[in-house]
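Each ligand, and each atom within it, is numbered from 1 in the order the structure gives.
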Amino acid sequence: MEKKNIDWANLGFGYRTTDYRYVSYFKDGKWDDGALITDPNITMNECAGVLQYSQSCFEGLKAYTTEQGHIVIFRPDLNAERMESSAKRLEIPVFPKDRFVKAVEETVKANDAWVPPYGTGATLYIRPYMFGWSPVIGVKPADEYQFRILVTPVGPYFKGGAKPITIRVSDYDRAAPRGTGNVKAGLNYAMSLYAIVDAHQKGFDENIYLDPATRTYIEETGGANVIFITKDGTLVTPKSDSILPSITRRSIVYVAEHYLGMKVEERPVALSEVKDFAECGLCGTAAVISPVGKINDHGKEICFPAGMEKMGPYTQKLYDTLTGIQMGRIEAPEGWIHVIE
Ligand SMILES: Cc1ncc(COP(=O)(O)O)c(C=O)c1O
């Protein structure tokens with residue numbers, strides 16, 4: 001296969017139409033066989049459930065080329081499981097886990113010319129998504145659904161090294177105590193747009209949300225879970241029923257315990273104790289770990305000793321180990337890496 005003629009290292013994080021996408025239709029109570037198609041456009045009724053009541057959920061994962069030249073994906077079974085819980089919470093019929101993984105593999109394989117080469121820092125972003133597309137006017141679930149996967153190449157998250165970011169404590173809430181914060185519903189992101197635009201206008205990179213019931217505990221940002229490192233090298237990460245169970249965060253916890261011998265605490269983390277941590281990072285598929293230099297709490301700055309220049313030493317070790325596993329430089333735990341070709 002000949003790769004597309006793209007300046008991979010200078011790609012941004014944007015959508016680009018690739019050659020194939022996957023689609024399966026749910027009708028009369030069952031999913032059809034699914035197929036790869038070439039048309040990137042979707043035509044639907046004006047009253048489709050997704051358009052009127054936002055009945056949709058999605059996932060995000062990446063394919064990349066390892067040092068050995070294989071195209072691989074990272075723990076897609078966990079994306080399948082998370083999409084299953086998102087679908088159930090939104091009254092969308094579940095797309096079976098084994099079919100999800102196979103469909104991701106098929107879509108990546110069909111678009112192998114778009115998978116960035118090893119060493120460029122770029123990856124192929126994979127976006128599975130589901131939505132109600134038959135008409136509904138009364139508030140109720142749609143009868144018919146689509147499960148789709150699109151892929152698009154994206155550039156390196158950190159160009160010229162990871163620079164720590166500044167985030168602010170948000171006055172808006174991201175999730176209600178028994179709401180949809182723990183699933184990847186499109187509606188969670190629609191309602192975060194106002195807060196993120198406002199944060200950017202005020203010079204912050206991201207919003208960090210507090211627990212909506214008491215506004216005393218750290219939850220997560222709009223698109224990533226949070227990790228902290230104590231002064232004596234313990235990894236602390238917030239535990240809450242209203243945050244998204246990040247696959248990157250769960251992998252980092254495993255790497256910390258089993259590869260680096262670190263102590264890990266998953267527990268509620270109060271905003272008032274954040275000043276005592278040595279390092280802070282945001283974790284998610286896009287950046288793996290994005291270092292945080294400063295949290296701004298209504299004008300009061302909490303600065304992490306690791307500073308604004310580079311990642312702290314523990315964050316760096318976690319980042320290097322996890323990306324080493326992903327890129328085939330370090331042996332992966334059983335089942336983490338799916339080789340596509
Ligand atoms: C709200 C939110 N939290 C956390 C994450 C990180 O999850 P993952 O590591 O599975 O990409 C994401 C990104 O998917 C997200 O949107």
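Protein residues with a heavy atom closer than 4.0 Å to ligand 1 are Arg82, Arg174, Lys184, Tyr189, Glu220, Gly222, Gly223, Ala224, Asn225, Leu244, Ser246, Ile247, Thr248, Cys283, Gly284, Thr285, listed by chain and number.
Within the structure, side-chain hydrogen bond (donor to acceptor under 3.5 Å, both in side chains) contacts touching residues 273-287 (residues at least two apart or in different chains) are Arg267-Glu273, Glu279-Thr315. Listed by first and then second residue, the ring pair (Phe, Tyr, Trp, His ring centres under 6.0 Å) pairs involving residues 276-333 are Phe228-Phe277 (not counting sequence neighbours). Evaluation of the side-chain hydrogen bond (donor to acceptor under 3.5 Å, both in side chains) test over residues 183-196, restricted to residues two or more places apart or in two chains, returns Thr180-Asn188, Lys184-Tyr189.
Under 3.5 Å, the side chains of Ser24 and Asp32 contain a donor-acceptor pair of N or O atoms.
Hydrophobic clustering (ILVMFWY, side-chain heavy atoms < 4.5 Å, transitive): Ile295 and Leu210 are in one cluster.
Ser290 places a side-chain heavy atom less than 4.5 Å from the side chain of Ile165.
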